[in-house]
Amino acid sequence: MIDLAQLRREPGVVTAALARRGVPRSSVDAIVQLDIEHRQRLQEAEALRAEIKDLSRRVALARRAHDDAQAQLLQATSRDLGERERVAAEATEAVAADLRAQLLMIPNLPAPEAPEGLDEGDNVEVRRWWVGVDEGAPFPTYQEHQRVAHWDVARELGILDLETGAKLAGSMFPLYRGDGARLLRALSFLALDRHRDAYEEIRPPSVALTETMMSTGHLPKSADDMYEVPRDDLWLIPTAEVPLTSMRRGEILEESELPIRLTALTACFRREAGAAGRDTRGLLRVHEFDKVELFAYCTPEQAEAAHADILARAEGLLRELGLTYRVLDLCAGDLGTSSARTIDLEVYSPGVDRWLEVSSVSWFRDFQARRANVRYRSAQGTQFVHTVNGSALAWARIWAALVETYRQADATVRLPEVLAPYFGELTIRPRS
RNA sequence: GGAGGGAUGACAGAGCGGCCGAAUGUACCGGUCUUGAAAACCGGCGUGGGCUUGCCCACCGUGGGUUCAAAUCCCACUCCCUCCGCCA
């Protein structure tokens, strides 16, 4: 949620910042008007309530003085006032609800550093990495045997069974088997071990309450993109960001305990409603995938370093896996609702010849903290924390890039050495 | 799923329907004393909102209700604890 006080103080600044990501001026103006109306009505209602409280006190005094006539009179006056107060309070609440609903639909202000632009075409490529780039090696020229889509590689090796996944849960719910399933497990274990030095491992619930989904900004805006369990007012989490951000919801943290850094391996569920029919082949876009998430609550001063650390860890894993990737600085218009700044990592997958998003490292400033009401006590008083998070990494597409990149001329897949402690024999052969 | 008990400030723990936003203790902050520290003593110490910055309003698990007036009475729900049942 954006800061209403800031909107009052400098409406021009807020309007201009939001315009960078395509929010029309009228949406902001509507909120300013509602805020003015809300405060007017609030004052009226509160004045009435103050008067009622005063009358009540005087009733008590009259009673004590055994002046029953006076008490009766005061009670009658207060009763009439009570009716007016009820009406005023209802009107105030109606405006407040409207204001709240509209405010929840407003996305975060983009950071000044976020590039200009309205859609993904305007994202800025910051750098590319591939094996040997530091030694001056040119961009890899992939061999013919690497130019096989992962769904074909997987069929040869019997490590992915999309038909059975569809049979169980519908299309785009993958079922991995044999070495394919084991590879997924190895990747998660590798990542969690890499983050153990600084991030506490969490295994949160895979479902969240509506209130929890509100905190991160996934609701009310993105309801169509999530799986819902209405009977129990639950939603399947689209990312571990959701439970992690709400872990300390409503709390006031001590500055000394910040940054609080957490990591979690969870399944992530996404309906992909807006992308129906696009990238439906193989693992390019799936409804459920495993992901290791990195997250931190921090002070505004710590945010930049915390964001950089997550990005470095995500990139570090990609390098350890020897995968070619590029780094994208998302333009203002392509930022997620809650984000002020986001760096995406896209891995190059030679078989399908595409760049696949495998991580999104975001800085939310106090947008989520304001919604989740997570604050910390500092010398300057109590203020909202900043939250940052990023994937390290999302495995379905990594899995695809790995089997394509490491496919050998003899049609086996030879996995990178870094997986040896988790996978053992690194060659995946067709199942006999 | 069934039966009972509970939910109050950072924590512990009081609170006949009427100066209760809330006693008291601990913790914390400032001061006195002390070579220093501890102890003792004195003072301070919840959050959010509105506006004429001194006042006003809201908040005692959540949501309703009764009343001139609710932490306190009534109803529903949620969570925690104990016991029974079921279960990976």
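Chain A is the first sequence line, chain B the second, and so forth, proteins listed ahead of strands; every chain is numbered from 1. Everything numeric in this text was worked out from a predicted model, so none of it was measured.
For the P atom pair drawn from rA38(B) and rU32(B), the interatomic distance equals 14 Å after rounding to whole Å. Comparing the P positions of rC80(B) and rU8(B) gives an interatomic distance of 14 Å, to the nearest angstrom. Distance check on atom C1': rA40(B) versus rU34(B) gives 12 Å, rounded to whole Å. rA7(B) and rG46(B): their P atoms are spaced 23 Å apart (whole Å). Distance noted for atom P between rU62(B) and rG4(B): 24 Å (whole Å). Rounded to a whole angstrom, the distance from the C1' atom of rC87(B) to that of rG2(B) is 16 Å. rA10(B) and rC29(B) have their C1' atoms separated by 13 Å, with the value rounded to a whole Å. A gap of 31 Å separates the C1' atoms of rA69(B) and rA12(B), to the nearest Å.
Contacts between residues 59-69 of chain A and RNA chain B, defined by a heavy-atom separation under 4.0 Å, are made by Val59(A), Ala60(A), Arg63(A), Arg64(A).
Glu301(A) and Thr299(A) form a side-chain donor-acceptor contact under 3.5 Å, judged by distance and modelled atom types alone. Side-chain contact annotation: Arg371(A) with Thr245(A), donor-acceptor N/O pair under 3.5 Å absent. No side-chain donor from either of Ser338(A) and Asn108(A) sits under 3.5 Å from a side-chain acceptor of the other. Counted by atom type alone, Gln368(A) and Thr387(A) present one or more donor-acceptor pairs between their side chains at under 3.5 Å.
Between His38(A) and Leu74(A), the residue whose closest nucleotide on RNA chain B is further toward the 5' end is His38(A). Both Asp35(A) and Glu51(A) lie near RNA chain B, and the one whose nearest nucleotide falls closer to the 5' end is Asp35(A).
Summarising the geometry, the separation between CG on Leu81(A) and P on rU67(B) is reported as 16 Å, rounded to the nearest angstrom.
Distances shorter than 4.0 Å separate some side-chain N or O of Lys53(A) from OP1 or OP2 on rA58(B). Distances shown here put a side-chain N or O of Arg79(A) below 4.0 Å from the OP1 or OP2 atom of rC68(B).
Between Ala154(A) and Trp399(A), the closest heavy-atom pair is CB-CH2, 4.0 Å. When all heavy atoms are compared, the tightest approach of Pro107(A) to Ile2(A) is O-CG2, 3.4 Å.
Pairing for rA40(B) goes to rU32(B), judged as Watson-Crick or G-U wobble with the two contacts each under 3.5 Å. rG1(B) is paired with rC84(B) under the criterion used here, namely a Watson-Crick or G-U wobble arrangement in which both key atom distances are under 3.5 Å. Nucleotide rA14(B) forms no Watson-Crick or G-U wobble pair with any nucleotide shown, as no partner meets the under 3.5 Å limit on both distances. In this structure, rA27(B) forms no base pair with any nucleotide, since neither Watson-Crick nor G-U wobble geometry is met with both distances under 3.5 Å. Remark: rU72(B) base-pairs with no nucleotide; criterion is Watson-Crick or G-U wobble with both hydrogen-bond distances under 3.5 Å. Both distances falling under 3.5 Å, in either a Watson-Crick or a G-U wobble arrangement, place rC79(B) opposite rG6(B).
Salt bridge status for Lys291(A) with Glu288(A): absent, with no side-chain N to carboxylate O gap under 4.0 Å. Between Arg20(A) and Glu116(A) there is a salt bridge, since at least one side-chain N of the basic residue sits less than 4.0 Å from a carboxylate O of the acidic one.
Heavy-atom neighbours of Arg414(A) CZ from other residues, nucleotides or ligands within 6.0 Å: above the threshold of 12. A 6.0 Å sphere centred on CD of Glu304(A) holds no more than 12 heavy atoms belonging to other residues, nucleotides or ligands.
Closest to the side chain of Leu42(A), from the set rC68(B), rC56(B), rG50(B), is rG50(B).
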Polar atoms only, N or O, under 3.5 Å: list the protein pairs with nucleotides 45-47 of chain B and their distances.
residue : atom : partner   : partner atom : Å
rU47(B) : O3'  : Arg375(A) : NH1          : 3.0

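Using a 4.0 Å heavy-atom cutoff across all strands shown, Ser78(A) reaches sugar-phosphate atoms only and no base atom. Counting any heavy atom pair closer than 4.0 Å across all strands shown, Arg8(A) reaches sugar-phosphate atoms only and no base atom.
A perpendicular orientation is assigned to the rings of Tyr227(A) and His287(A), their planes being inclined by more than 60° (bins at 30° and 60°).
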